[in-house]
Amino acid sequence: MRMLSVDDSAVIRKIIRGAAEVLEFEMVEAEDGYEALKVLDEYQGDVDLILLDWNMPGINGLELLKELKSSETYSRIPVMMVTTESRKDNIIEAVKAGVAHYMIKPFTMEEIMKKILECLGRGSL
Amino acid sequence: MGQGMELLGKRLGAALQNTIQTMTGFCVEQADPANGPGDLQIAGAMVLSGRKNLLLAISVDQKTAQLLISYMTGTDFRDLKQEELQDGITEFANMVAGSAKEALLDTEYEYHLSVPFTIIGEHIRIIAKKKTEKLDLFFNNDEVNILLQMFSF
């Protein structure tokens, strides 16, 4: 299993990397939307899950999500938003754009691992 | 201090306590600011735009930053880079603002999030102009000291 974490915070990517290691998943990362598209190109879309922050410089998470969902190559990859945007209208907007799961920061390590497994249809911890 | 600012302080203070506990396991309690947060060296800040514009800042000393980010990432504090400490404290500001956002819906302080930024240096002080409404809340336990500041302008 390979996950892509897209977040402008290196510390959040480090926490998610820790979760990926426990779950024995490979993790690749990007610090913004442009880099995420490059990484996806590099792996030719061979990514099983994308964890996506919302508020990032450049392309924000919602814009990237819409771009991914309109792409023939990447639309099949499930996307989980991992964000501080907690308002219901934000969540509805993301769901309409095609997000599979939504995780609100702050979160514990156990919560993020559980959500990752749910996203991948792998049951719970 | 107006009632609105008091409500803002309560919501953001509760969000700070929840964020710190969830991400690091540390419980912090509100304390008298007169006891002082000490020499602040890293601040994570965020502009919150709405009917009223706000600046939120979370400031800590070096030791607090090391402890919080060490527990947050599961990394020995000696292995943490200075950039990681700055990034982590800034992410706390982001999470606190995000957590309180829903609770402040339909109040004069309803706001949109922006991209957070970092202020670094020795003896950091953020000073506002005279007519700016300002609130300082100090949180601590035996090991960490955190200053939460809000400016409404």
Side-chain angles (χ1 to χ4, degrees), chain A residues 5-23 27 29-35 51-64 80-94 102-115, chain B residues 11 14-26 42 44 46-50 56 65-66 68-76 79-106 110-118:
Chain A
S5 170
V6 189
D7 200 304
D8 58 336
S9 166
V11 162
I12 294 294
R13 296 199 307 273
K14 191 170 194 168
I15 294 167
I16 293 172
R17 198 184 314 132
E21 281 170 14
V22 172
L23 295 169
M27 191 183 111
E29 51 192 275
E31 65 178 21
D32 59 40
Y34 297 110
E35 197 181 342
L51 280 70
L52 182 58
D53 185 20
W54 189 308
N55 292 309
M56 295 183 289
I59 312 175
N60 72 33
L62 186 67
E63 289 164 344
L64 180 62
M80 174 163 74
M81 284 297 236
V82 182
T83 175
T84 55
E85 291 288 357
S86 57
R87 281 173 50 164
K88 281 178 195 154
D89 54 348
N90 293 131
I91 298 171
I92 291 167
E93 201 176 0
Y102 202 96
M103 178 101 205
I104 297 168
K105 299 175 189 171
F107 53 77
T108 63
M109 185 65 106
E110 195 173 45
E111 285 167 344
I112 190 80
M113 288 195 294
K114 193 176 168 194
K115 276 276 185 187
Chain B
R11 298 286 185 262
L16 175 88
Q17 288 176 301
N18 178 55
T19 299
I20 297 293
Q21 184 165 12
T22 304
M23 298 303 294
T24 70
F26 281 109
I42 303 173
M46 189 181 235
V47 172
L48 309 172
S49 59
L56 165 78
Q66 286 174 328
L68 292 178
I69 308 310
S70 172
Y71 277 81
M72 187 178 178
T73 59
T75 308
D76 188 311
D79 297 330
L80 288 168
K81 295 175 191 155
Q82 196 61 24
E83 293 77 20
E84 290 179 303
L85 302 183
Q86 293 158 8
D87 180 77
I89 298 303
T90 305
E91 191 57 26
F92 277 126
N94 185 24
M95 287 189 268
V96 169
S99 296
K101 186 179 167 181
E102 178 82 17
L104 289 162
L105 270 182
D106 302 322
E110 182 176 346
Y111 55 74
H112 294 283
L113 300 177
S114 62
V115 176
F117 59 96
T118 316

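Numbered from 1 within each chain, the chains take letters A, B, ... in sequence-line order. Here the structure is a predicted model, which means the values were calculated and not measured. Just the heavy atoms: all of them, side chains too, but no hydrogens, waters or symmetry mates, feed the values below.
- Per-residue heavy-atom pair counts under 4.5 Å with chain B were compared for Ile104(A), Val11(A), Ile15(A), Ile12(A), and the maximum is reached by Val11(A).
- With rounding to the nearest 0.5 Å, the separation of CE in Met72(B) from CG in Leu85(B) is 11.0 Å.
- For the side chain to side chain contact (heavy atoms under 4.5 Å, CB included) test, residues two or more places apart in sequence or in another chain that qualify with Ala20(A) are Met3(A), Phe25(A), Met27(A).
- No side-chain heavy atom of Leu51(A) sits under 4.5 Å from any side-chain heavy atom of Met81(A).
- In this structure the side chain of Phe107(A) reaches within 4.5 angstrom of the side chain of Val82(A), judged on heavy atoms.
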To see if you've got the definition right, give the donor-acceptor pairs under 3.5 angstrom between chain A and chain B.
from, atom 1, to, atom 2, distance (Å)
Ser9(A), OG, Asp87(B), OD2, 2.7
Ala10(A), N, Asp87(B), OD2, 3.1
Val11(A), N, Asp87(B), OD2, 2.9
Lys14(A), NZ, Glu84(B), OE2, 2.8
Thr84(A), OG1, Asn94(B), OD1, 3.2
Glu85(A), OE1, Lys101(B), NZ, 2.4
Ser86(A), OG, Gly98(B), O, 2.9
Arg87(A), NH1, Glu110(B), OE2, 3.4
Lys105(A), NZ, Glu91(B), OE2, 3.0

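- Side-chain contact check for Met80(A) versus Ile112(A): some heavy-atom pair is nearer than 4.5 Å.
- The salt bridge (Lys or Arg N to Asp or Glu O under 4.0 Å) contacts involving residues 14-26 of chain B comprise nothing, where partners must be two or more places apart or lie in separate chains.
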